[in-house]
Structures are given as structure tokens and as C-alpha cells.
Amino acid sequence: MKEQATIVVMLGAPGTGKGTQAVLLAERLGIPHISTGDLFREHLAAETPLGIEAATYMNKGELVPDEITITMLNARLEEDDCENGVVLDGYPRTLVQALALESYLDSIDEELTMVANLAVPEALIVKRLSGRWMSKSGNVYHAEYNPPKRKWFDDEDGSPLYQREDDKAETVLNRLKIYEAQTLPLIDHFREEGKLVEFNGVGEINDINDEIFEALQ
Ligand code: AP5
Ligand code: MG
């Protein structure tokens, strides 16, 4: 990574809009959007051993072990397209991952630019996830709140959309429990480091993105 790269972390419970906002923000900043969830799903689609192992955790709504996740993410950060920075979506998600990221950035003389935390009430989260449709490339739609131009195909490349295995109601509830136990403590961690900026995740998608973009300027 170059000096003064922009490194943004999108933090927030499942369904708060991390992916939706990260795709838009990365496009505006001209840097890649990296979602650990998307990386695991790509591995699964390609039936790699990593993807098959990750799916055993994901389908139960549990986190994939830190060691696997950190190794995969660090390898991704080494790629050339990350030179000017990245928008990280769904990583870090445990204190161990946060410390691993910070020590990696430290080793290359970089630091986090901003951690954007999105807040959305739980009742709305369940509605958002049950109506979500995804493209293989990581674009996110919602049947009611953000429908694709053509049902159920990606606006960008026309590929068929799909619904995620872990968006079933019971798995969503488990994901929320795991979030509270393992990821919520990161809010205090990043606040103490002076990196946290909080955003209301309820509202127009583009308005929320403007707020995040402006906070970075
Ligand atoms: P991941 O894929 O990251 O899932 P998640 O954290 O549960 O988050 P989601 O993708 O469900 O929600 P989102 O916040 O991205 O919301 P979205 O923008 O889609 O991870 C999946 C699994 O992989 C994990 O459970 C774990 O097993 C594993 N994993 C991943 N990272 C890991 C890590 N670091 N360590 C260990 N394991 C890891 O929006 C949701 C819906 O709402 C969409 O339909 C969207 O269109 C709609 N929407 C968005 N914004 C708005 C708005 N403003 N108004 C109305 N609707 C909206
Ligand atoms: Mg997502």
C-alpha cells in the first residue's frame, strides 16, 4: 500500500447495510471493496477446501475461526489493487482480528482512516435480510427497498441474483447473538482509538453514503 492510503472499516450488525454502503463508497473512492463474507462465498462457489470449511460455520450463523479469516484477508490486502487503500466490509469482527489488522497496517506504516459503524433496529434487520437478493459480484438488492431493474438479475452484468443460505430467520437470530458477543466489543475498542464514527443506518441509501463519504473528507 502507498503512503496515505484510505483504509475504511464498515462495522455493524448483520443487515445494517455494510455491503450496500461499502460497494458505493469504494466506487466513489476508486479503491476495492473487500468483504470477508463475499470472499468465503467465492471460495464456496469454487468448492475450495477453505470455502467448504467456512460454509460449515456460515450456515450455522457462526464466525469462521480467526486464523483462517486473518490469513485469507492479509493475502487479499497484499494484492496490487489495494495500493491506494480499501473499504473493508465485515472485517475485523473479533478483537483478535482487529489487533491483527492494526499490527499488519503498522508493519507497512499505515493506519486505519475511519471505522464507520452503522446502527439499525433489530426488527428492521430481520426484514432487510429476509428480502435481500445478492449478485455473485457482491451487489446487494432488496425486494422492496432496493429492487433490481429486472427481477432477479444484476443491474450491472445481468447475472442471476440469489438469496443467501444464512438469511433464514433462525440463522439470522443466531448471527445477531454472535454479533453481540463477539463484534459489539469492537465499538469500544475503536472508539478508544479515536477511529469510530457512528452513522444511522436507517434512511435513503444514497443519503447515508453521502454522510460516510463526507466524514472521510
Ligand atoms: P457477511 O457476508 O459479512 O454477513 P453479515 O455481517 O451478517 O452482514 P450482511 O452481509 O448480512 O449484512 P450487511 O450489513 O452487508 O447488509 P446489506 O448491505 O447486505 O458474513 C457472512 C458470514 O461469513 C458470517 O456470518 C461469518 O460466518 C462469515 N464471516 C464473514 N466475515 C467474517 C469475519 N471477519 N470473521 C469470521 N467470520 C466471518 O443490506 C441488507 C439488506 O438491506 C439488503 O437487502 C439491502 O438492499 C437492504 N438495505 C441496505 N441499506 C438499506 C437502507 N438504507 N434502507 C433500506 N434497505 C437497505
Ligand atoms: Mg454484507
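Atoms within a ligand are numbered from 1 in the order they appear, just like the ligands themselves.
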Visitor: I'd like to check which ligand 1 atoms, numbered from 1 as shown, lie under 4.0 Å from a non-hydrogen atom of Thr36.
Guide: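 Every atom of ligand 1 under 4.0 Å from some heavy atom of Thr36: 30 (C), 31 (N), 32 (C), 33 (C), 34 (N).
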Visitor: Looking only at protein heavy atoms, identify the closest one to atom 44 (O) of ligand 1 and say how far it is in Å.
Guide: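 Minimum-distance protein heavy atom for atom 44 (O) of ligand 1 reads Tyr141 O, 2.7 Å.
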Visitor: Find all atoms of ligand 1 within a distance of less than 4.0 Å from any non-hydrogen atom belonging to Thr20, and give their numbers and elements.
Guide: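 So the answer, numbered in order with elements, is 17 (P), 18 (O), 39 (O), 45 (C), 49 (C).
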Visitor: For ligand 1, is there an N or O atom under 3.5 Å from any N or O atom of Tyr57?
Guide: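 Tyr57 vs ligand 1: no N/O contact under 3.5 Å.
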Visitor: Name the atoms and distances for all side-chain donor-acceptor pairs under 3.5 Å in residues 49-62, with sequence neighbours left out.
Guide:
{"unit_1": "Thr56", "atom_1": "OG1", "unit_2": "Glu53", "atom_2": "O", "d": "2.6"}
{"unit_1": "Asn59", "atom_1": "ND2", "unit_2": "Ala55", "atom_2": "O", "d": "3.4"}

Visitor: Below 4.0 Å, non-hydrogen atoms only: which portion of Leu129 touches ligand 1? Side chain, backbone, both or neither.
Guide: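 Within the 4.0 Å criterion, Leu129 contacts ligand 1 through side-chain atoms alone.
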Visitor: Is Gly15 close enough to touch ligand 1? Criterion: a residue heavy atom under 4.0 Å from a ligand atom.
Guide: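 Yes, Gly15 has heavy atoms under 4.0 Å from ligand 1.
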Visitor: Can Gly203 be said to touch ligand 1, with heavy atoms closer than 4.0 Å?
Guide: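 True for this residue.
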Visitor: Quick one: which ligand 1 atoms are inside 4.0 Å of a heavy atom on Thr69?
Guide: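 By the 4.0 Å cutoff, the relevant atoms are 33 (C), 34 (N), 35 (N), 36 (C).
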Visitor: So for Pro65, does at least one of its heavy atoms come nearer than 4.0 angstrom to any atom of ligand 1?
Guide: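 Pro65: no contact with ligand 1 (<4.0 Å).
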Visitor: Report the part of Gln21 (side chain from C-beta onward, or backbone N, CA, C, O) that has a heavy atom under 4.0 Å from ligand 1; answer both or neither where that applies.
Guide: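 Neither part.
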Visitor: Listing request: all salt bridge (charged side-chain N to carboxylate O under 4.0 Å, His left out) pairs with a residue in residues 96-113, at least two apart in sequence or in separate chains.
Guide: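 Listed once each, the pairs are Glu111-Lys195.
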Visitor: With a cut-off of 4.0 Å, which atoms of ligand 1 are near a heavy atom of Gly201?
Guide: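 Counting atoms of ligand 1 from 1, those under 4.0 Å from Gly201 are 53 (N).
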Visitor: Take a 6.0 Å sphere around CD of Glu78 and say whether it holds more than 12 heavy atoms from other residues, nucleotides or ligands.
Guide: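 More than 12 within 6.0 Å, yes.
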Visitor: Has ligand 1 got any nitrogen or oxygen that is less than 3.5 angstrom from a nitrogen or oxygen of Gly90?
Guide: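 Indeed, backbone or side chain, Gly90 has an N or O that close.
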Visitor: I'd like to check which ligand 1 atoms, numbered from 1 as shown, lie under 4.0 Å from a non-hydrogen atom of Tyr145.
Guide: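 Heavy-atom distances to Tyr145 below 4.0 Å select 55 (C), 56 (N).
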Visitor: Which atoms from ligand 1 have a heavy atom of Gly19 less than 4.0 Å away?
Guide: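 Reading through ligand 1 atom by atom, the close ones are 13 (P), 15 (O), 18 (O).
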Visitor: Does Arg164 reach ligand 1, in the sense of a heavy atom lying below 4.0 Å from it?
Guide: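 Yes, Arg164 has a heavy atom closer than 4.0 Å to ligand 1.
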Visitor: Output the list of atoms in ligand 1 that are nearer than 4.0 Å to some heavy atom of Tyr91, sorted by atom number.
Guide: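 Near Tyr91, the atoms of ligand 1 are 34 (N).
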Visitor: Report the part of Arg41 in contact with ligand 1, treating N, CA, C, O as backbone and CB onward as side chain, heavy atoms under 4.0 Å; options are side chain, backbone, both, neither.
Guide: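 Contact part for Arg41 vs ligand 1: side chain (C-beta onward).
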